[in-house]
Amino acid sequence: MLSKLLTMSKAMSMSMSMSMSMSDKHEVLCRGFSTFISLPRATAPFRLRAFSTAVTDKPSVCTADELHYVSLSNSDWKLALWRYNPSPLAPPRNHPLLLLSGVGTNAIGYDLSPESSFARYMSGQGFETWILEVRGAGLSLQGSNSKDIEQSANAMSEKMEAASEIATGTNGAMASNKELNNISCTVSEPQIPPVLNGVETENVAIKGDLTRLATVWDESKLVARLTETFMFLSERVSGFLSESQSRVMFSKFLDQISKLLVDSPLYEQFNEVRGKLSTLFETKQNSGITSQITDLSQRLVNIIEEGQLSVSPPLYDLQARFTSTIEDFQKQLDLIVKYDWDFDNYLEEDVPAAIEYIVKQSMPKDGKLLAIGHSMGGILLYSMLSRFGSEGKDPNLAAVVTLASSLDYTSSKSALKLLLPLADPAQALNVPVVPLGALLAAAYPLSSRPPYVLSRLNTLISAEDMMHPNLLKRLVLNNFCTIPAKLLLQLTTAFRERGLCNRNGTFFYKEHLHKSNTPILAIAGDQDLICPPEAVEETAKLIPEHLVTYEVFGKPGGPHYAHYDLVGGRLAVEQVYPSIIEFLSCHDK
C-alpha cells in the first residue's frame, strides 16, 4: 500500500499537482494529522543564557528582524538564531517555525534577498520564523560573553562581507590567486600565529652561519613543544581521536621526522628513540609517562642537533626543518581541536537548545514547533524523530517538512559519494577541515565566466535558469562555511549498509523512524544530484503511510529542480512554497 501511495504521490507531483483539485490535495496533505499526548520534553537540561540585539544593532549581514543568541551549558558556543516576526496581515498561527540549514551553510540561504526569501515568505504567511545557525556556521560565536557578543557578531559580519568582496573583486573583476588564498583566512580557517613559543618559523639559510642558528634553535622550548605534542596525542587530542586514529597520527608525525634523517648515520639512533616512544604510547603508562616522554624528546632534539653540527657532511638547515615539522604538525592538531564537533553534537545539543529557547520565547500552548530542514537540516529532523520515537518520547514537533534529505543514500547516485574517501580515518586526519566556503568562492569565477571550466559546480546547486545569476553568486559567496572532517566522517555512514548512524555506530536512525508519530512532508527535486529523488523516497518509505506525504518537483520538459532550487529557485514561490504552507496549515492545530 505504501509503495502505491508513494508512486501515486510522485506522479502527481511530477506534474506539479496541477491535476489535483484543491480539496483532494488538502486531504492528502492533512491525512497525517493526529493528536499527541503531551509528554515531558526529552531535551537535555540546558541552562540557557540568551542575548538579543535590537533591530538597529544587528550586524549588516543579518537581514532578519531580530538576532538572538543561545548558549549551551556544556560548550562555549553561542548559537545564532535569526527571528522573523509574523505579518500582522496574515492569519494567526499556533506554532512558531524553525528552519534548519544544510551542512556547512548559514542562514543566508533562507534569506537571499527581499525578492527571494524563504524565511520572509513564511513569516508573511503568519508563521513566527526562526533560523538556527549551528556551531561553526554564520554568526554563531565561540568564547564571547554577553557583554561583547554584539561587537563580535558585527566583526564576524564584516569578515563574511569582506570574503565576498575578495572573491570577486570590488570592481567585479576576477580576484587574484593571492586574494583567493586569503579568503580562508578571512572566514574559515583559524588564525595560527607565525611564532611558536618564541621560535621563529622561517626556514633560514644556516650554512656557514651558526651564530644566526642560535636565534632559531631554542633547545629547551623545542623539547617542551615536542613533549607537549606527544602528550597531546597520548591523550587523544581532546577526545577527537579514537585509539586507532591516535596511532595513525603518532606514526605520521614520526614518519615526517624520519624523512629528515633518511640516509643519515643518525637514522638508527632515531629508530631506537621511535621504538621507545611507541612502547610508551601502546602501553598507556600513566605514572611517570611525562618525564619519560620529555627524556625521549630531549634525545630526539639532541639527534637533530648532532646532525646539524657534527655529521659529515653536515645536514644543513636540519634544525630549522625539524622545527618547521613540529610546527606544521601542531597546526594540524590545533585544527582538529578547534573544529571538534560532529553530527551528534548538532542533534543532541544545538537543535534541542534552539527548540527549548524558541518555545520559551514564543510560548505555543502545546509547547510544540513546526520545523523545516533542507539537506542536512532535514536529516537532523529525521534523526531527531527516530531518536525520540525509539525512546517513546514526544519531540515537541507538530509537523516536519524535509527538503532534499535522506538517511540512506546507498540506492542513489548522489554526488556526495565524493566524500567517501574521508571515511578512511587516516585521510580525514590528513584533512582535518574542509573550508567549503573558501573553496566555492575560489571556484566561482571559473564556474560563472568563460571558459566555464567548473560550470558543473553550479548544476549541483541549481538547475539551469532556476536562479538569477546575482542570487546564485550571493549564495555561493556568502552561504558556506568550514566543515570539520569529524562531521563528514559521520555523514559518510549514510552511504553504508543500514544508513546514517551515531558516532559510536550503535544507533541506526532509519531503523527507528517508523516509531515516530509526527506528520512529515518529504520533498525532492527531479534534478537534484546531491540528494536524488530515489534517496528521498528511500527514507519516505520508512515512515508510516498515514503520516507521510512525498512530492517530487520538476517536469520532464522542465522546469527542473536541483538541490537548492526547492528553497531559492525562481519558481519555488509559485510551486513549492504553497505545498509547504498547505501542509503546515493542516497541522498547525
Side-chain angles (χ1 to χ4, degrees), residues 36 38-52 68-83 95-103 107 128-142 340-364 366-402 405 407 486-487 490-491 500-504 506-507 509 512-513 515-518 520:
F36 298 97
S38 179
L39 299 176
R41 285 199 297 270
T43 53
F46 287 92
R47 297 187 296 276
L48 299 175
R49 303 179 299 278
F51 175 82
S52 175
H68 293 244
Y69 278 93
V70 57
S71 300
L72 306 179
S73 62
N74 56 346
S75 171
D76 61 351
W77 277 101
K78 276 63 173 184
L79 308 181
L81 280 165
W82 296 33
R83 183 181 192 176
H95 299 95
L97 173 64
L98 171 63
L99 306 182
L100 298 177
S101 305
V103 62
E128 179 186 326
T129 303
W130 300 73
I131 308 175
L132 170 64
E133 292 187 317
V134 292
R135 67 187 72 188
L139 295 174
S140 289
L141 303 168
Q142 190 173 23
D340 182 21
W341 66 85
D342 58 15
F343 180 85
D344 284 355
N345 288 118
Y346 292 156
L347 179 65
E348 298 168 3
E349 300 171 22
D350 296 18
V351 175
I355 290 176
E356 185 171 344
Y357 177 71
I358 293 170
V359 167
K360 288 183 177 181
Q361 291 289 311
S362 303
M363 295 185 293
D366 59 359
K368 297 181 185 228
L369 283 73
L370 298 165
I372 299 175
H374 175 248
S375 194
M376 187 190 71
I379 297 174
L380 281 167
L381 293 173
Y382 279 141
S383 300
M384 184 177 178
L385 296 179
S386 175
R387 177 74 76 177
F388 277 79
S390 71
E391 299 171 356
K393 297 178 180 178
D394 189 342
N396 294 313
L397 296 173
V400 161
V401 178
T402 64
S405 305
L407 293 174
K486 187 175 182 179
L487 170 60
Q490 187 172 355
L491 290 176
L500 182 73
C501 64
N502 66 349
R503 68 170 66 98
N504 299 321
T506 57
F507 188 92
Y509 295 106
H512 303 274
L513 187 59
K515 300 174 184 177
S516 172
N517 291 320
T518 302
I520 298 172

Margin query: Working note: N396 + V359, criterion side-chain contact (heavy atoms from CB on, under 4.5 Å); need CA distance, chi angles, decisive distance, verdict.
Written below: CA-CA 10 Å; N396 294 313; V359 167; 5.8 Å; no
Notebook entry, point to check: Between Y382 and L500, is a side-chain contact (heavy atoms from CB on, under 4.5 Å) present by the stated rule, with each step listed?
Noted result: CA-CA 11 Å; Y382 279 141; L500 182 73; over 6 Å; no
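With a 4.5 Å cut-off on side-chain heavy atoms, V400 and M384 do not count as touching. Two residues are said to be in side-chain contact when any heavy atoms from C-beta on lie closer than 4.5 Å; T129 and W82 fail this criterion. By the 4.5 Å heavy-atom criterion applied to side chains, Y509 and N502 are counted as neighbours. Residues S75 and W341 are not in side-chain contact: their nearest non-hydrogen atoms beyond the backbone lie 4.5 Å or more apart. Taking the side chain as every heavy atom from C-beta outward, Y346 and L100 never approach each other to under 4.5 Å. Side-chain contact between R503 and N345 is present, with heavy atoms from C-beta onward closer than 4.5 Å. Here the side chains of D366 and H95 are in contact, with some heavy-atom distance below 4.5 Å. Looking only at side-chain heavy atoms (C-beta outward), L81 and Q361 stay at 4.5 Å or farther from each other.
Here the closest non-hydrogen pair linking S405 and G373 is OG-O, 3.8 Å. The two residues S362 and W130 make their nearest non-hydrogen contact at OG-NE1, 3.7 Å. Listed here is the closest heavy atom pair of A371 and L97: N-CD1, 4.0 Å. Nearest approach of S140 to A80, heavy atoms of both residues: OG-N, 3.0 Å.
Once rounded to the nearest 0.5 Å, the distance linking CH2 of W77 with CD of E133 reads 11.0 Å. Rounded to the nearest 0.5 Å, atoms CG (L98) and CG (L369) are 6.0 Å apart. Taking CG of L381 as the reference point, atom CE of M376 lies at 10.5 Å (rounded to 0.5 Å). Between atom SG of residue C501 and atom CG of residue L407 there is a gap of 11.0 Å, rounded to the nearest 0.5 Å. Atom CG in L385 sits 9.5 Å away from atom OG1 in T402 (nearest 0.5 Å). Taken to the nearest 0.5 Å, the CD1 atom of I372 stands 11.5 Å off from the OG atom of S101.
A side chain to side chain contact (heavy atoms under 4.5 Å, CB included) with R135 is found for exactly one of D350, L141, D340, namely D350.
Side-chain N or O atoms of S516 include none that pairs as donor or acceptor with a backbone N or O of L513 at under 3.5 Å. Put simply, the side chain of Q490 never gets that close to the backbone of D342: no donor and acceptor are under 3.5 Å apart.
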